[in-house]
Amino acid sequence: MSQTDKRTAYRAKLLTFVGDPATTAGGACFEEDGLLIVEDGRVVAAGSYSALRERLTPDTTLVEWRGKLIAPGFIDTHVHYPQTEMIASPAAGLLPWLDTYTFPTERGFADPEHASNVAEFFLDQLLACGTTTALTYCTVHKSSADALFKASEARNLRMVAGKVLMDRNCPEFLRDTAQSGYDDSAELIDRWHKQGRQLYALTPRFAPTSTPAQLEACGALARLHPDVFIQSHVSENTDEVKWVAELFPGHRSYLDVYEHYGLLRRRAVYGHCIYLDDYDRARMAETGAVASHCPTSNLFLGSGLFDFDKAGQAKMPVTLGTDVGGGTSFSMLQTMNEAHKVARMTGHHLTAARMFWLATAGAAQALGLEDTVGTLRPGSEADFIVLDPEATPLLARRTGLAQSPEEWLFAFAMLGDDRAVQETYAAGKRVHRRA
Ligand code: GUN
Ligand code: ZN
């Protein structure tokens, strides 16, 4: 019997969610002495050890992790796998960074072997950080998406990815056309969307690098495939916002460009969302489009500060993204750390419970994947992580003095990174173990 088929129970502290801790009392469920039972790649049960111990049948393997924490695998809603090797490349803001580092780096993905090599390394990094689902950009090359999906399928991961659409305002060697971008995306949807655990995302890079004809074609494809994801960037940087106003005159706002082409809807995920106005935020909420807040990137590139209060007032769905290589870490714990500081800069307090929600169940709900991943609910795919409160001497001291689950989790969010992730599981199978 393979590891995924057998019934296995894990005894540890558990963290799962039934609602957003910011708006639902008891939204976060913390079990001090918990049991997670997994079979055939899915969660069978999760709860207190005392309530579930009678379900430990003689054929169940019991794994003892007392003192550790089992949480749902992290969901990174905005990352660029081709930018893995160019992480930590400094520039004076977004647009020079794209020209100086990003476009030359993405050129290399015309070579499928290079793409496969980076895709494997990228997935190793995600899993080492406890990220089991990511919405990842590929490059303009169709084969770059094939490389990522193949690598993900081989590990049975639930990944969302798409070929970048880009037919202007970038080097010639990275351009598709409205027609070829449409055809390639349609072919990739046929090949990969819902192929095992793989999901497709239409990926117009951002409005400046697509002609109106390309956005029109993308919108048409989105209408044909209502359950396909859409991912792009919006309102990240003031120079970018000005540029969009010049390129698309007559639109109320940057976000309105996407709305005009039918690209605001459920399962549409927009990176950054810093310079939205209240009307934009309301449109995001009304259409079910999702914001991906990428704090390490926004600080690194000096883009600006995401406004959690305004997002909350508008009921705009918010998630967290690393945005590597603009972001400076693959770790969603480090991303929580920076999100907390960004929130503080606008007078907002992000609790640890909320940050873990944003990185797991909240993201799954925003993406329409709440029955699939993001919690430890029975029936969910068993994508989960084991966090070690004694991963470093400092983390051990701080967690040892925590007076509440909130304080204990907060220490992980401030002090944790890949070192805190002891093991990572996808569909019930171990896919990473800390050295
Ligand atoms: N806007 C357009 N492309 C990109 C990108 O690759 N990274 C970031 N952070 N912003 C973008
Ligand atoms: Zn990005």
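Atoms considered below: every heavy atom in the structure, side chains included; atoms not considered: hydrogens, waters and symmetry mates. Counting starts at 1 for both ligands and their atoms, in listed order.
R434 has a carboxylate O that lies under 4.0 Å from a charged side-chain N of D388, or vice versa, which qualifies the two as a salt bridge. Using a 4.0 Å cut-off between charged side-chain N and carboxylate O, E153 and K150 make no salt bridge.
The heavy-atom pair separating L127 from T424 by the smallest distance is O-OG1, 2.7 Å.
Just one residue in the list T375, T16, L36 forms a side chain to side chain contact (heavy atoms under 4.5 Å, CB included) with V43, and that residue is L36.
Judged by a 6.0 Å distance limit and a 45° cone about the ring axis, R168 is positioned over the six-membered ring of F248.
The aromatic rings of H340 and H349 stand perpendicular to each other, their planes meeting at an angle above 60°, with 30° marking the opposite boundary.
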Pick out the protein N or O atoms lying less than 3.5 Å from any N or O of ligand 1, and list each pair with its distance.
| from | atom 1 | to | atom 2 | distance (Å) |
| --- | --- | --- | --- | --- |
| ligand 1 | 3 (N) | R205 | NE | 2.8 |
| ligand 1 | 6 (O) | Q83 | NE2 | 2.9 |
| ligand 1 | 6 (O) | R205 | NH2 | 2.7 |
| ligand 1 | 9 (N) | E236 | OE2 | 2.9 |
| ligand 1 | 9 (N) | D323 | OD2 | 2.6 |
| ligand 1 | 10 (N) | H233 | NE2 | 3.4 |
| ligand 1 | 10 (N) | E236 | OE1 | 2.7 |
| ligand 1 | 10 (N) | E236 | OE2 | 3.4 |

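Protein atoms of type N/O/S that fall under 2.8 Å from the Zn ion (ligand 2) number 4 in this view.
Under a 3.5 Å cut-off, the side chain of T136 and the backbone N or O of Y81 do form a donor-acceptor pair.
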Full working for salt bridge (Lys or Arg N to Asp or Glu O under 4.0 Å) between R283 and D280: CA-CA 5 Å; R283 289 306 297 150; D280 289 329; over 6 Å; no
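In this structure, OG1 in T287 is found 10.0 Å from CZ in R266, a value given to the nearest 0.5 Å.
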